[in-house]
Amino acid sequence: EYMLQKIEAGLLAALRKDAASSETLAVLVDEDAKTIKLVTRRKVVEQVETPGAELTLEEAQAIDPRYGLGDIVEEEIDPHNFGRISAQNAKQVIIQGIREYERDQIYNEYQSRQHELLSCVVARVDRRGAALTLDKTEVYLVTGEQIPGEVLREGKRIKVYVVEVRRSTRGPQILISRTHPGLVKRLFELEVPEIYDGTVEVKAISREAGARTKMAVWSKDANVNPVSACIGPHGDRVAAVVEKLGGEKIDIVKWSEDVSEFISAALSPAKVVKVELL
């Protein structure tokens with residue numbers, strides 16, 4: 001339906017180039033018969049005041065004797081008679097319609113995936129960053145959003161975090177990152193069922209990408225230790241996240257409503273002697 005509208009608009013653009021500006025033009029699309037007709041419409045009047053939009057009764061009856069005053073005469077236009085510029089106009093409008101549709105499809109798809117993870121393949125690497133392929137879409141990971149020291153090679157599969165999806169004159173912009181704290185949170189959701197189902201909540205994350213991450217967690221179930229749940233049996237869960245982040249160290253601490261207690265936990269493994277709140 002969308003593309004039919006664009007095709008109509010393209011053909012009308014061509015018609016207006018070729019026809020007199022006063023002519024009433026129309027594109028008739030019959031989806032069942034799979035036909036498109038281009039027509040001019042003129043009203044039968046006693047005296048013509050608007051050439052191109054009107055014609056006399058004599059002129060109308062010369063086309064078909066059954067026409068009377070007030071009738072609308074439709075005459076088909078042969079598109080083969082379009083000039084080169086008119087045909088080019090139609091082509092540009094239709095191609096632009098396809099591009100706009102593709103851009104809208106991409107925007108709508110990734111708008112709903114903001115703050116989620118995308119699994120991409122590195123297509124090429126240059127000084128400014130890396131181009132990644134995702135299905136049929138290409139996204140760009142700039143150097144500033146890459147984990148320091150991480151080496152990306154063509155063909156490598158990595159996970160990125162969608163920071164934001166914007167509309168722009170050049171099409172949708174998908175801003176992705178490997179340094180955003182949200183990446184760590186989403187990776188833990190994949191590895192820790194208790195975070196995924198909401199039993200354990202990630203309350204805060206502080207991250208120096210490539211070096212260390214501190215993550216504060218809390219459990220709404222008194223029988224579930226949030227720190228142990230994130231670490232996993234033999235440290236398997238946290239190790240899986242560390243591996244995906246290229247060896248970045250991750251400290252998991254228990255969140256507390258008591259600010260002093262939370263600060264003490266956040267500073268571990270340092271031993272806190274005293275916390276003074278000023």
Side-chain angles (χ1 to χ4, degrees), residues 110 112-122 130 132-135 139 141 144-153 155-164 174-273 275:
Y110 292 103
S112 63
R113 298 173 76 176
Q114 278 191 136
H115 313 309
E116 297 294 335
L117 291 183
L118 299 179
S119 183
C120 307
V121 176
V122 180
L132 315 176
T133 54
L134 174 70
D135 299 327
V139 290
L141 181 65
E145 296 296 336
Q146 293 178 24
I147 297 173
E150 184 178 49
V151 179
L152 298 180
R153 294 186 176 85
K156 183 178 181 180
R157 183 171 289 277
I158 60 172
K159 290 191 182 297
V160 296
Y161 180 77
V162 182
V163 180
E164 187 181 358
I174 304 169
L175 307 180
I176 56 174
S177 175
R178 291 269 294 162
T179 63
H180 197 283
L183 176 70
V184 178
K185 181 179 179 181
R186 293 303 185 196
L187 287 174
F188 269 100
E189 283 181 359
L190 294 177
E191 299 294 336
V192 183
E194 291 86 350
I195 293 179
Y196 185 80
D197 65 20
T199 304
V200 172
E201 186 179 338
V202 177
K203 286 287 191 179
I205 296 179
S206 181
R207 186 182 183 203
E208 187 180 339
R212 183 183 293 276
T213 289
K214 289 257 187 183
M215 186 171 79
V217 292
W218 172 83
S219 174
K220 63 182 180 182
D221 186 339
N223 297 319
V224 176
N225 184 318
V227 176
S228 298
C230 293
I231 293 173
H234 312 294
D236 292 346
R237 292 174 177 175
V238 71
V241 176
V242 168
E243 183 182 356
K244 290 171 184 171
L245 295 176
E248 185 175 316
K249 294 179 181 178
I250 299 177
D251 292 337
I252 303 170
V253 300
K254 188 175 181 179
W255 181 83
S256 173
E257 289 184 353
D258 186 315
V259 178
S260 298
E261 188 179 322
F262 179 44
I263 291 172
S264 298
L267 291 171
S268 65
K271 292 182 179 179
V272 178
V273 177
V275 176

Requested in this report: Check step by step if side chain to side chain donor-acceptor pair (under 3.5 Å) holds for E194 and T199.
Outcome: CA-CA 5 Å; E194 291 86 350; T199 304; over 6 Å; no

Report task. Give the C-alpha distance, both sets of side-chain angles, the deciding distance and a yes or no for side-chain contact (heavy atoms from CB on, under 4.5 Å) between L132 and I176. Result -> CA-CA 10 Å; L132 315 176; I176 56 174; 3.7 Å; yes

Report task. Give the C-alpha distance, both sets of side-chain angles, the deciding distance and a yes or no for side-chain contact (heavy atoms from CB on, under 4.5 Å) between K271 and V273. Result -> CA-CA 6 Å; K271 292 182 179 179; V273 177; 6.0 Å; no

Query raised in the report: When you look at S119 and R157, which way does the side chain to side chain donor-acceptor pair (under 3.5 Å) test go after all the steps?
Result: CA-CA 7 Å; S119 183; R157 183 171 289 277; 3.2 Å; yes

Report task. Would you please test E248 and R178 for salt bridge (charged side-chain N to carboxylate O under 4.0 Å, His left out) and show each step? Result -> CA-CA 12 Å; E248 185 175 316; R178 291 269 294 162; over 6 Å; no

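At a threshold of 4.5 Å between non-hydrogen side-chain atoms, the residues V253 and V227 do not count as touching. Taking the side chain as every heavy atom from C-beta outward, V192 and V200 never approach each other to under 4.5 Å. Counting only heavy atoms from C-beta outward, the side chains of V202 and I195 approach each other to under 4.5 Å. Side-chain contact between S228 and R237 is absent, with no heavy atoms from C-beta onward closer than 4.5 Å. Within the 4.5 Å cutoff, the side chain of Y196 has no heavy atoms near those of the L190 side chain. For the pair F188 and I252, the minimum side-chain heavy-atom distance is below 4.5 Å. L134 places a side-chain heavy atom less than 4.5 Å from the side chain of Y110. Counting only heavy atoms from C-beta outward, the side chains of R153 and V122 never approach each other to under 4.5 Å.
Below 30°, between 30° and 60°, or above 60°: for W255 and W218 the angle between ring planes is above 60°, a perpendicular geometry.
Annotation: the span from T213 atom OG1 to E208 atom CD amounts to 9.0 Å, rounded to 0.5 Å. The distance from the NZ atom of K185 to the NE2 atom of H180 is 10.5 Å, given to the nearest 0.5 Å. Annotation: the span from I158 atom CD1 to C120 atom SG amounts to 6.5 Å, rounded to 0.5 Å. Atoms CG and NZ, on L117 and K159 in that order, are 6.5 Å from each other to the nearest 0.5 Å. Distance check: D221 CG to D197 CG gives 10.0 Å after rounding to the nearest 0.5 Å. Annotation: the span from R212 atom CZ to L245 atom CG amounts to 13.5 Å, rounded to 0.5 Å.
Paired with M215 under the rule side-chain contact (heavy atoms from CB on, under 4.5 Å), one option of I205, V241, D251 passes, and it is I205.
Closest of all the heavy-atom pairs between P226 and K254 is CG-CG, 4.3 Å. What you find for V275 and S264 is that their closest heavy atoms are CG2-OG, 3.4 Å. Taking each heavy atom of R207 and P181 in turn, the nearest pair found is CD-CA, 4.3 Å. Closest approach of A130 and Q146 over heavy atoms only: N-NE2, 3.6 Å. Counting all heavy atoms, side chain and backbone alike, A216 lies closest to F262 at CB-CE1, 3.5 Å.
S219 contributes a side-chain N or O that, together with a main-chain N or O of V224, makes up a donor-acceptor pair within less than 3.5 Å.
At most 12 non-hydrogen atoms from other residues, nucleotides or ligands lie less than 6.0 angstrom from CD of E243. Other residues, nucleotides and ligands place more than 12 heavy atoms under 6.0 Å from the CD atom of E164. Within a 6.0 Å sphere centred on NZ of K249, other residues, nucleotides and ligands contribute 12 heavy atoms or fewer. With a 6.0 Å radius and a threshold of 12 heavy atoms from other residues, nucleotides or ligands, K203 has its NZ atom above the threshold.
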